[in-house]
Amino acid sequence: MADDSIKKIVLMYSGGLDTSCMLKWLQERYGAEIVSFTADLGQEMEDPTRFKDIEQKAYDLGVVKHFTEDLKEEFVRDYIFPTIKANGLYQGVYPLSTAVGRPLIAKYAVKIAEQENADAIAHGCTGKGNDQVRMNVTAQALNPKLKILMPMVEWGMGRDDEVKYAREHGISVSNVNKTYSTDENIFGRSCECGILEHPDEIAPEDACAWTVPPIKAPDDPEIIKIEFDKGVPVAIDGSVIDPIELIERVHRAGARHGVGRLDHMEDRTVGLKSRETYECPAAIILIKAHQDLEKFVCTKHENSFKSIVDQRWTELVYEGLWVDPLREALEAFINTVNQRVTGWVKVRLFKGTASVVARSSPYALYDLNLATYGKESQFDEQSAEGFIKLHGLQSRMGYRLKHGKKDK
Ligand code: ARG
C-alpha cells in the first residue's frame, strides 16, 4: 500500500527515460502532486538550452511546478575545489566527479521540498550503487522528516517494462537506445552497464562521448599553464578567468588530446566490485597539476601525512558521508597546507597523456644553490658522512645480527 500521507513529492528530474517514468508512476501510485527539479552542474556544457526542453517535458507530463537550479558556481567553489585541494582520486584513479555532485543535488532537493511544503523527495538511484547512499545520507541529515522515495527499487521494472510503460503513458522514447548508464557534470562523465559489465572486454569506443581517441589526437603536443592561488586554480595561459570557464577551458584542451579516459575496477560502498569507465579531462589535469605544486612547496613530512589525510577525505566523500564532521576537520588541515600552494604548473597534453613538465612557486622548498651539482653548491657535503652513520645505525646493526655476523 502506498503511503497516503504523501501529497506532494519533489522529484529530481533529468528528463531521461527513468525519471520520466518515475514522474508518472509517482503521480499514479501516490496520487500526489509532483514538483520536478533539475540541477545544472554543467552537464549540458555544449547545449544549455537543453534545460528548457527538460522543463517543457516535465510540464507536459503534468508537474505542478518545475525548478532548474544553476548550481555550477557553488559546485565548483564548494565541491570541486576541495576535491582538487585533497588530490581526490578514489583508489588512486577516479576523481569523484559524480560523488561530489550528489550531496549538492540532495541539498537543493531538500531546500525545494521545504519551500514547497512537500512530504517527500524522490530520485532515480538504484538500490545497488553509491549514489543512493550519498543522496539519502545528506537528505536525512538536513531534514529527517522528509520521506525519501526510490521508485527504481520499489517498482521492479526492467528496461523493457519501462519502455512499455513510457509508451502507455505518452512519454517519448525517441532517444532510448541507451546502451550505458551515464552521469555527467562539469568535472567528468561516468559510464557503466552493458558490455562494460565484462571487465575482460576492452571498453568500446562508443562508451566515450567527450574525448577523442588518443590515437587520433593531434600529433603536436600542447602545453597549458595553470596558475594556482592557495590551492585553487585561478588562471590559464596567463588569463585570470572565472572558475567555471577555467574548468571548461581545461576540459576542452584535455578532450582535444584524449586526456582523462579511465577504466576502473571500483570497490563500491555497498560491497560490490564494479567496472566503470570515465572521461574526466579537467579533473585529471587539475589534480595532477595541483599535486605537483603542493609537493614542491611542502616538507617531506607534510607530503607524507597529507597523502593519508587526502585518502581519508576521498574515501569519506566517495562513501557518501559528505555531512560527516570529519570531512570539515580534515579540510582544516588540507586548507592549512594549501595556504602555500601558490604558483604555476605547465602541463603537456599529448595523445591521451597529461604530464607536468615545469612548475614555479614563491614558496618552493627547492633551492638551486643547494640542489645543484655544479661546484658552486652550498650544500655541506662534509656533514653527509656523519649523517649517514647515524641515519643507518639501527639498520646496519639489525642486518648484521640477522645474518649472524659477530663483528660490530
Ligand atoms: N561509480 C561512480 C561513483 O560511484 C559513478 C556512479 C554513477 N555512474 C553512472 N554510470 N550512472 O561515483
Side-chain angles (χ1 to χ4, degrees), residues 12-22 38-39 41-44 75 79-80 82-84 86-106 123-138 150-153 158-159 162 175-199 201 203-204 206-211 260-284 287 311 313-323 327:
M12 295 169 236
Y13 184 62
S14 72
L17 177 69
D18 289 344
T19 53
S20 296
C21 288
M22 250 167 243
T38 307
L41 298 187
Q43 65 270 38
E44 304 294 349
F75 185 43
Y79 296 79
I80 292 181
T83 306
I84 295 173
N87 304 306
L89 297 176
Y90 180 63
Q91 300 191 313
V93 178
Y94 161 51
L96 301 177
S97 43
T98 292
V100 282
R102 298 312 190 197
L104 178 60
I105 297 172
H123 59 66
C125 302
T126 69
K128 286 180 122 173
N130 297 312
D131 290 331
Q132 52 169 346
V133 182
R134 298 166 182 153
M135 295 280 202
N136 296 10
V137 169
T138 305
M150 293 176 49
M152 294 292 275
V153 178
R159 198 77 186 164
E162 272 187 53
N175 42 15
V176 179
N177 62 343
K178 279 196 22 189
T179 329
Y180 305 109
S181 156
T182 57
D183 177 65
E184 295 178 1
N185 63 47
I186 191 171
F187 211 42
R189 177 173 185 273
S190 312
C191 189
E192 62 184 4
C193 299
I195 188 72
L196 300 177
E197 287 174 355
H198 301 271
E201 295 282 348
D206 71 358
C208 290
W210 282 3
T211 53
R261 290 186 168 201
L262 311 167
D263 183 322
H264 191 210
M265 278 314 301
E266 192 164 299
D267 286 301
R268 281 192 195 166
T269 311
V270 296
L272 289 169
K273 264 193 204 298
S274 76
R275 196 265 198 106
E276 188 126 11
T277 65
Y278 298 95
E279 290 172 279
C280 304
I284 292 299
I287 290 174
Q311 194 180 336
W313 186 93
T314 301
E315 284 171 4
L316 197 70
V317 170
Y318 181 86
E319 288 167 5
L321 304 180
W322 183 267
V323 293
R327 180 183 56 81

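Atoms within each ligand, like the ligands themselves, are counted from 1 in listed order. If you read the sequence from its start, that first residue is 1, and numbering goes on from there. No experiment lies behind these values; they were computed from the predicted model shown.
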### Task
Test Lys128 against Glu197 for salt bridge (Lys or Arg N to Asp or Glu O under 4.0 Å), laying out the working first.
CA-CA 14 Å; Lys128 286 180 122 173; Glu197 287 174 355; over 6 Å; no
#### Entry: Within-4.5 Å side-chain heavy-atom neighbours: Thr138 and Arg102
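SC-SC contact between Thr138 and Arg102 ruled out.
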### Message
Taking the side chain as everything from C-beta on, heavy atoms only, tell me whether Arg327 gets closer than 4.5 Å to Leu321.
### Response
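Heavy-atom side-chain distance check fails, nothing below 4.5 Å.
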### Task
Could you list the residues that satisfy side chain to side chain donor-acceptor pair (under 3.5 Å) with Asn136, not counting sequence neighbours?
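Counting only residues at least two positions away or on another chain, Asn136 forms a side chain to side chain donor-acceptor pair (under 3.5 Å) with His123.
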### Message
Restricting to side-chain contact (heavy atoms from CB on, under 4.5 Å), what partner residues turn up for Glu162, sequence neighbours left out?
### Response
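Counting only residues at least two positions away or on another chain, Glu162 forms a side-chain contact (heavy atoms from CB on, under 4.5 Å) with Leu17, Asp18, Cys21, Met152, Trp155, Met157, Arg159.
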### Task
With sequence neighbours excluded, tell me which residues meet ring pair (Phe, Tyr, Trp, His ring centres under 6.0 Å) with Tyr79.
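For Tyr79, the residues satisfying ring pair (Phe, Tyr, Trp, His ring centres under 6.0 Å) (neighbours in sequence not counted) are Trp322.
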Output block, N or O contacts of ligand 1, threshold 3.5 Å exclusive:
unit_1, atom_1, unit_2, atom_2, d
ligand 1, 1 (N), Glu266, OE2, 2.7
ligand 1, 1 (N), Glu276, OE1, 2.9
ligand 1, 1 (N), Tyr278, OH, 3.0
ligand 1, 4 (O), Asn130, ND2, 2.7
ligand 1, 4 (O), Arg134, NH1, 3.2
ligand 1, 4 (O), Arg134, NH2, 3.0
ligand 1, 8 (N), Glu276, OE2, 2.9
ligand 1, 10 (N), Ser181, O, 2.7
ligand 1, 10 (N), Glu276, OE2, 3.0
ligand 1, 11 (N), Ser181, OG, 3.1
ligand 1, 12 (O), Tyr94, OH, 2.6
ligand 1, 12 (O), Arg134, NH1, 2.8
ligand 1, 12 (O), Arg134, NH2, 3.1

